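Working notes, beginning with the structure itself.
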Amino acid sequence: MGKIMMIYSFKGKNSERIKLNRKLFQYKIQSHKGKYQTVSKGILKKCEKPVRSVVIFDTEYLNKVKQIMNKSKAKYNLYGVSRKLK
């Protein structure tokens with residue numbers, strides 16, 4: 001199973017960027033000082049974020065990620081990662 005590296009940039013309102021992040025990644029919502037917690041279900045359950053605007057994920061999520069990115073106003077590039085260096 002290979003990996004895909006996505007580099008993206010988003011220019012627009014912060015609320016639209018937050019919606020995109022919530023669709024892609026899991027996040028926790030807390031209320032009443034952490035008494036109530038809810039975990040959202042993002043598409044990328046297992047991913048790596050080495051730096052801002054860069055995500056590395058498995059190829060099985062590629063089609064779903066492309067659909068979400070095409071619907072949003074984000075610009076993105078996808079690169080295949082062949083193997084891990086030692």
Side-chain angles (χ1 to χ4, degrees):
M1 180 175 0
K3 298 266 186 181
I4 301 292
M5 180 175 68
M6 178 174 71
I7 301 173
Y8 65 98
S9 64
F10 191 87
K11 293 184 180 177
K13 296 181 180 178
N14 282 338
S15 61
E16 293 173 5
R17 180 182 51 81
I18 291 169
K19 285 180 188 178
L20 174 67
N21 284 337
R22 288 183 176 180
K23 288 179 184 177
L24 288 177
F25 310 111
Q26 285 186 329
Y27 67 98
K28 291 182 183 179
I29 297 176
Q30 296 181 358
S31 62
H32 298 288
K33 299 180 183 178
K35 186 175 180 181
Y36 302 104
Q37 292 185 354
T38 313
V39 178
S40 78
K41 297 178 183 176
I43 289 177
L44 300 175
K45 294 176 179 108
K46 294 182 181 178
C47 66
E48 300 172 42
K49 291 184 74 175
V51 291
R52 178 181 278 173
S53 299
V54 176
V55 180
I56 300 172
F57 56 92
D58 292 331
T59 56
E60 64 187 73
Y61 303 114
L62 179 61
N63 291 330
K64 291 180 182 179
V65 171
K66 277 185 180 180
Q67 288 175 356
I68 289 175
M69 296 304 283
N70 288 334
K71 288 180 184 177
S72 70
K73 296 179 181 179
K75 295 180 181 179
Y76 68 98
N77 293 318
L78 299 168
Y79 302 97
V81 179
S82 58
R83 61 187 178 99
K84 187 176 182 179
L85 297 176
K86 293 183 179 180

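Reckoned from all heavy atoms, side chains included, excluding hydrogens, waters and symmetry mates. A quick note: this is a predicted structure, and the numbers were derived from the prediction, not measured.
Phe57 and Met6 make their closest contact through CE2-CB, 3.9 Å (heavy atoms, listed as atom of the first residue, atom of the second, distance). What you find for Tyr8 and Met69 is that their closest heavy atoms are CB-CE, 3.8 Å. Shown here for Phe10 and Glu16, the closest heavy-atom pair between the two residues is CZ-CB, 3.6 Å. Contact between Gly42 and Gln26 at its shortest, heavy atoms only, is N-CG, 3.8 Å.
Linking Ile, Leu, Val, Met, Phe, Trp and Tyr whenever their side-chain heavy atoms come within less than 4.5 Å leaves Leu44 and Ile7 in two separate clusters. Both Ile56 and Val51 are assigned to one and the same hydrophobic cluster, defined by single-linkage of ILVMFWY side chains at heavy-atom distances under 4.5 Å. Linking Ile, Leu, Val, Met, Phe, Trp and Tyr whenever their side-chain heavy atoms come within less than 4.5 Å leaves Val65 and Val54 in two separate clusters. One hydrophobic cluster, built from ILVMFWY side chains closer than 4.5 Å, holds both Phe25 and Leu78. When the side chains of ILVMFWY residues are joined at heavy-atom separations under 4.5 Å, either directly or via intervening members, Leu20 and Ile43 end up in a single hydrophobic cluster.
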Verdict with reasoning, Val55 to Met5, per side-chain contact (heavy atoms from CB on, under 4.5 Å): CA-CA 6 Å; Val55 180; Met5 180 175 68; over 6 Å; no

side-chain contact (heavy atoms from CB on, under 4.5 Å) between Lys23 and Lys71, worked out: CA-CA 11 Å; Lys23 288 179 184 177; Lys71 288 180 184 177; 5.9 Å; no

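Here Leu62 contributes atom CG and Lys66 contributes atom NZ; the two are 4.5 Å apart, rounded to the nearest 0.5 Å. One distance of note links OH of Tyr76 with CD1 of Ile68; it measures 11.0 Å at 0.5 Å rounding. Note that OG of Ser72 and CG of Asn21 are 10.0 Å apart. Values are rounded to the nearest 0.5 Å. Note: Lys45 NZ to Asp58 CG = 12.0 Å, rounded to the nearest 0.5 Å. Atom CZ of Arg22 and atom CZ of Arg17 lie 10.5 Å apart (nearest 0.5 Å).
By the side-chain hydrogen bond (donor to acceptor under 3.5 Å, both in side chains) test, Tyr27 pairs with no residue at all, sequence neighbours left out.
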